[in-house]
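Both backbone and side-chain heavy atoms feed into the values below; hydrogens, waters and symmetry mates do not. These numbers were taken from a predicted model, which means no experiment stands behind them. In what follows, chains are A, B, ... by sequence order, proteins preceding strands, each numbered from 1.
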Amino acid sequence: MNHQLLQAIRQALGAAITPNLTTQSHGFDLYEAYVFALGIRAVRNLHLQVVYKNTDRRVAPVFLFRTSPGNIARGLYTHAEIDLGRGKPAIEAHVGVRVMGLSKIDHELDYSVLLKEEAEFCRRNDVLPRHNKVILAAECKFYTEHGVGIAMGRGFLGLSDELGHRDTFFVMNRPAPRVDRLLDKHNRWGCFSPVVPGSPEEQNRLIGSIQTVLKKYRSCA
Amino acid sequence: MTNEEINEWFNALGAFLTENRLDWIKTAVDADIAEGIIEEVPPSELIFKEPSSGIVRSGRSTEEYLKLREYTDKEKLLAIIEAIEQTIIQASDLELYIVDGFIGEDRLDAIRFGGETQSHTLETDDIRARSRHEAAELARKLLIELRNEVNA
């Protein structure tokens, strides 16, 4: 065994560990924030205006991401307010908020874009946004074991039904051929994997797909 | 690399994860290994009648079948190397991407990840993200070197 190589790997890896990996969220929060950032990239590509705001409507100098899913009205978390242009309804992008599905049960959306009017109503009344006010949603999975990944893929299809077959994306950082196959059959967008900065092709496919949904929404709204 | 060395490396990397409170990565790798590798078997490799019936034919169906097989020791080591790349190294890539976007382009002061209580808040910024990423880049190269030794 090459002990010198082992020592060098231990040292380099030890200095590379981000604290998000050692908390209970196991890097999921970081991955959701990354997908949110890709959504912002899509918005910028469409030349739309974005302002980061906190739950209290003030402009956010620091971005605070949720580490566990919550109610849109609670906690001083940050979201993006997106202006679709004159005469168009404003929209908001969020990480980790709960919404009400078709069957009137709550669901956690890792990343979502919804109508600002609905979000404000929900913040005022401390209630959950309704599924038909969600424009797009993404389920984000950071390094899950293969078996769990498949189960999550199946769960995602159920979530998609609950959102009334809106535009829903399943995004993973691991290549997942089995989940790919499952979702290719049952979801119009298929599976986005691996979406990571080191795989620009899939990363750009996700950005482009978010742009497509937003453009379509803007033209119909 | 001998089988004994392969197992030593697998255990050493597993121990590193445990020592650094990353047991969940090791647990996920162990779960994948326990589940086995799923492979497609083409119809030409299948036997469609009991040999006892006297007629053994293959390749009658056009459908492929799935088969489960165990990981080899080499595949186990490659799985834990891949897991480290897809967690520690990629997390550093993600952190840098987020920092470049929100702090570099959007000029926010910092990025925080917070639970319901302040005690769970983590903060990242340009200096911390870049320092971790430098180490991650070195680790990425060293893991490629290790992978090359395994495959040699």
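- Scanning all heavy atoms of the two residues, the minimum distance from B:Ala91 to A:Leu30 falls at O-CD2, 3.3 Å.
- When all heavy atoms of B:Phe102 and A:Ala37 are compared, the pair lying nearest together is CE1-CB, 3.9 Å.
- The parts of B:Ala83 that come within reach of chain A are both its backbone and its side chain, each placing non-hydrogen atoms under 4.5 angstrom from that chain.
- Both the backbone and the side chain of B:Phe16 come within less than 4.5 Å of a heavy atom in chain A.
- Note that the CZ atom of A:Arg174 and the CD atom of B:Glu85 stand 11.5 Å from one another [nearest 0.5 Å].
- Contact of the A:Ile9 side chain with the B:Trp9 side chain is registered, since non-hydrogen atoms from C-beta on lie closer than 4.5 Å.
- Between A:Phe65 and B:Phe113, the ring-plane angle classifies as parallel under the 30° and 60° cut-offs.
- Contacts between A:Tyr31 and chain B at a heavy-atom distance below 4.5 Å involve backbone atoms as well as side-chain atoms.
- Using a 4.5 Å cut-off on side-chain heavy atoms (C-beta onward), B:Asp106 and A:Arg44 make contact.
- Residue B:Ile6: no heavy atom, backbone or side chain, is found under 4.5 Å from chain A.
- Only the side chain of B:Glu35 comes within less than 4.5 Å of a heavy atom of chain A; its backbone N, CA, C and O stay farther away.
- Heavy atoms of B:Glu105 lying under 4.5 Å from chain A belong exclusively to its side chain.
- Between B:Leu94 and A:Pro197, the closest side-chain pair of non-hydrogen atoms falls below 4.5 Å.
- Per-residue counts of heavy-atom pairs under 4.5 Å with chain B were compared for A:Pro61, A:Gly198, A:Pro194; the largest is that of A:Pro61.
- Contact check for A:Tyr143 versus B:Val29: side-chain heavy atoms found under the 4.5 Å cut-off.
- Counting non-hydrogen atoms of neighbouring residues, nucleotides and ligands closer than 6.0 angstrom, the CD1 atom of B:Ile127 reaches no more than 12 such neighbours.
- Proximity to chain A is limited to the side chain of B:Ile84, based on heavy atoms less than 4.5 angstrom apart.
- Checked by atom type, the side-chain pair B:Glu149/A:Asn2 shows a donor-acceptor distance below 3.5 Å.
- A:Leu64 approaches B:Gly114 most closely through the heavy-atom pair CD1-N, 3.6 Å.
- You'll find the side chain of A:Pro175 stays beyond 4.5 Å of the side chain of B:Glu82, heavy atoms only.
- For the pair B:Tyr97 and A:Gln203, the minimum side-chain heavy-atom distance is below 4.5 Å.
- With chain B as partner, the option from A:Asp29, A:Leu38, A:Ile40 having the largest number of non-hydrogen pairs under 4.5 angstrom is A:Asp29.
- In plain terms, the two heavy atoms of A:Val62 and B:Asp109 that are nearest each other are CG2-CB, 4.0 Å.
- With a 4.5 Å cut-off on non-hydrogen atoms, B:Leu22 touches chain A through its side chain but not through its backbone.
- With a 4.5 Å cut-off on non-hydrogen atoms, B:Ile103 does not touch chain A at all.
- In terms of heavy atoms, B:Leu142 sits closest to A:Ala12 at CD1-CB, 4.1 Å.
- For the pair B:Asn20/A:Thr22, no side-chain contact is recorded, criterion being any heavy-atom separation below 4.5 Å from C-beta on.
- Across all their heavy atoms, A:Ala16 and B:Ser92 have their closest contact at O-CB, 4.3 Å.
- When heavy atoms are compared at a cutoff of 4.5 Å, B:Glu19 approaches chain A solely by way of its side chain, counted from C-beta outward.
- B:Ile98 is not listed as a side-chain neighbour of A:Phe36, based on a closest heavy-atom distance of 4.5 Å or more.
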